[in-house]
Amino acid sequence: MAKQVSMQEAAALVKDGMTVMVGGFLSVGGANELLHAIAETGVKNLTLICNDGGQPALEHGVHEMIHNGQFKEMYATHIGINPEVGQMMNEGTMKVTLVPQGSMAEKIRAGGYGLGGVLTPTGIGTPVGEEAGKKLVEVNGKKFLLEEPLHADIAIIYGTQVDKYGNIRYHGTTRNFNVVMASAADTVVVQADEIVDMIDPDDVVVQGILVDYIVDGGAK
Amino acid sequence: MDKNEIKAFIAKRVAKEFHDGDVVNLGIGLPTMVPSFLPPDVKVILEAENGMVGAGAKPEVPDKCVSDAGGQPSSIAPGGAFIDSATSFGIIRGGHVDATVLGALQVDEKGNLANWIIPGKMVPGMGGAMDLVVGAPNVIVAMEHTQKGAHKILEACTLPLTAQTCVTKIITEMGVMEVTDKGLVVTEINPEFTQEQMQEATGCKLTFAADIKNME
């Protein structure tokens with residue numbers, strides 16, 4: 001069962017060299033206070049799997065850890081909003097692999113749902129397709145790219161409401177990558193805007209059995 | 001026309017492509033201007049790839065949990081739904097979004113599109129663009145006809161592609177072009193330009209339709 005821990009205890013779960021999935025879309029629906037606490041620990045040599053490089057206009061978010069140089073490598077779909085990522089990529093201080101957004105979601109879902117990969121038409125004939133070494137597979141005369149699964153040591157995700165069983169409910173556009181990431185990491189930590197006794201089972205989006213640790217984000 | 005007038009003129013023409021109830025995903029910049037030009041009897045359902053079908057107007061009071069695909073405050077329209085990223089791209093890749101409108105660095109006569117990277121210079125990433133143009137049945141490129149006079153509509157794209165043979169229509173301040181098996185067919189031309197001027201501004205052979213109309 002999911003265990004409620006302090007911000008510092010949760011931050012200490014991220015260790016040097018880990019592969020870390022971070023939910024959020026331009027830091028909307030990100031575990032931003034927890035990411036700030038992780039930034040403060042100074043943990044390093046991490047590999048990041050995140051839609052983007054955060055939204056530097058916001059005080060807290062994954063951009064703080066990027067700015068600190070805590071990641072040696074990153075998988076992302078869009079880095080234009082955080083120019084620092086592009087700079088680090090060009091200077092060679094962080095290796096960046098760009099993945100189409102839909103493929104990123106499916107690679108993570110495959111990693112979490114026990115699939116050997118997914119077949120998608122997205123990326124064929126582009127620098128992230130066959131040229132990047134991905135296999136072309138023909139099914140019923142149609143060509144697809146094989147996108148292999150992504151898995152992480154730890155996922156740092158967000159929930160609007162989290163109950164003591166670890167079940168998560170979302171408000172607005174905050175579901176984004178949080179939902180698939182909850183299935184695809186050895187350890188899953190959720191930052192909650194609000195911790196409640198029990199969420200109506202009809203409203204649960206991420207099942208508590210996938211969640212290991214809950215942190216109160218202090219929003220309510 | 002100045003730059004803003006050109007953009008508004010293009011957006012106004014793109015708005016005519018839509019039917020009431022169409023599901024549409026709009027790229028950043030010029031495409032976001034399209035909804036303001038829709039006639040009152042045409043309502044489109046906006047898909048925002050970050051997590052909603054039925055995106056609404058910019059809210060007076062922002063909710064930090066409701067944003068558009070640029071991370072800026074947004075709202076949800078009546079009948080809308082919030083979705084996660086895998087669902088969002090299932091909807092997109094599965095062909096459930098009728099049309100996408102986006103800008104281009106280059107587009108060619110086969111409908112190949114390049115709009116996500118200039119090697120060594122601009123590396124913003126593809127975001128959702130590669131999935132959108134592969135999944136949507138109608139892919140409309142809305143852009144200025146040239147880049148300060150340099151051709152953007154070519155025989156073959158020279159920049160890395162976003163996707164192959166995906167573009168169905170190109171709308172610029174000079175005219176409307178359909179991508180066909182026989183190359184680009186101009187179906188409408190802005191009366192401010194001659195066919196010769198439009199051809200001159202284009203890097204591939206244009207065919208002017210027999211029943212060509214004025215672009216309005």
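Here the structure is a predicted model, which means the values were calculated and not measured. Order of the sequence lines sets the chain letters (A, B, ...), proteins ahead of strands, with each chain counted from 1.
Atom CG in B:Asp68 sits 9.0 Å away from atom CZ in A:Phe25 (nearest 0.5 Å). We find the CG-CD distance between B:Leu161 and A:Glu131 to be 8.5 Å, quoted to the nearest 0.5 Å. Within the model, atoms OG1 of A:Thr77 and CE of B:Met130 stand 10.5 Å from one another, a figure rounded to the nearest 0.5 Å. Considering CD1 of A:Ile79 and CE of B:Met126, their distance stands at 9.5 Å, rounded to 0.5 Å.
Options B:Gly120, B:Ser75, B:Gly127, B:Gly71 differ in how many heavy-atom pairs under 4.5 Å they form with chain A, and the most are formed by B:Gly127. Your options are A:Ile108, A:Thr122, A:Ile124, and the one with the most heavy-atom pairs under 4.5 Å with chain B is A:Thr122. Considering only heavy-atom pairs separated by less than 4.5 Å from chain B, the leading option among A:Val99, A:Val96, A:Leu58, A:Asp52 is A:Val99. The choice from A:Asn82, A:Asn176, A:Thr174, A:Val179 that makes the most heavy-atom pairs within less than 4.5 Å of chain B is A:Asn176. Interface check for chain A: of the options B:Ala114, B:Pro160, B:Ser67, the most heavy-atom pairs under 4.5 Å are formed by B:Ser67. Heavy-atom pairs under 4.5 Å with chain A peak, among B:Pro124, B:Gly125, B:Gly51, at B:Pro124. The residue among B:Val133, B:Val123, B:Leu132 with the most heavy atom pairs within less than 4.5 Å of chain A is B:Val123.
Looking at B:Arg93, its side chain never comes within 3.5 Å of a backbone N or O of A:Thr120 through a donor-acceptor pair. With A:Thr173 contributing its side chain and B:Cys65 its backbone, the two residues share a donor-acceptor pair below 3.5 Å.
More than 12 heavy atoms of other shown residues, nucleotides or ligands fall within 6.0 angstrom of atom NE2 in A:His60. Within a 6.0 Å sphere centred on CD of B:Glu60, other residues, nucleotides and ligands contribute 12 heavy atoms or fewer. For NZ of A:Lys95, the number of neighbouring non-hydrogen atoms (other residues, nucleotides, ligands) closer than 6.0 Å is 12 at most. Shown here is B:Lys16, whose NZ atom has more than 12 heavy atoms of other residues, nucleotides or ligands within 6.0 Å. Atom NZ of B:Lys110 is surrounded by 12 or fewer heavy atoms from other residues, nucleotides or ligands within 6.0 Å. Residue A:Glu59 places its CD atom among 12 or fewer non-hydrogen atoms of other residues, nucleotides or ligands, all under 6.0 Å distant. Counting heavy atoms of neighbouring residues, nucleotides and ligands inside a 6.0 Å radius, atom NZ of B:Lys58 exceeds 12 of them. Heavy-atom neighbours of B:Asp181 CG from other residues, nucleotides or ligands within 6.0 Å: at or below the threshold of 12.
Interface residue A:Ser103: backbone and side-chain heavy atoms are both found under 4.5 Å from chain B. Only the side chain of A:Tyr158 comes within contact range of chain B, with at least one heavy atom under 4.5 Å from a heavy atom of that chain. With a 4.5 Å cut-off on non-hydrogen atoms, A:Met104 does not touch chain B at all. Proximity to chain B (any heavy atom under 4.5 Å) is restricted, for A:Val128, to the side chain, taken from C-beta onward. Interface residue A:Asp193: only side-chain heavy atoms are found under 4.5 Å from chain B. Residue contact with chain A, scored on non-hydrogen atoms closer than 4.5 Å, involves the backbone of B:Ala163 exclusively. Heavy atoms closer than 4.5 Å to chain A are found nowhere in B:Ser88, neither backbone nor side chain. Of the two parts of B:Asn50, the backbone and the side chain both hold a non-hydrogen atom closer than 4.5 Å to a non-hydrogen atom of chain A.
Side-chain contact between A:Arg175 and B:Thr87 is absent, with no heavy atoms from C-beta onward closer than 4.5 Å. The shortest side-chain heavy-atom distance between B:Trp116 and A:Leu98 falls under the 4.5 Å cut-off. Side chains of B:Phe89 and A:Glu106 form no contact here, defined as non-hydrogen atoms less than 4.5 Å apart. Side-chain contact between A:His171 and B:Val66: present, with at least one pair of heavy atoms (C-beta onward) separated by less than 4.5 Å.
When all heavy atoms are compared, the tightest approach of A:Leu26 to B:Ala69 is CD1-O, 3.7 Å. Closest heavy-atom contact between A:Pro100 and B:Asp131: CB-OD2, 3.6 Å.
The pair B:Asp84-A:Arg109 fails the salt-bridge criterion, with no side-chain N (NZ, NE, NH1 or NH2) lying under 4.0 Å from an Asp/Glu carboxylate O.
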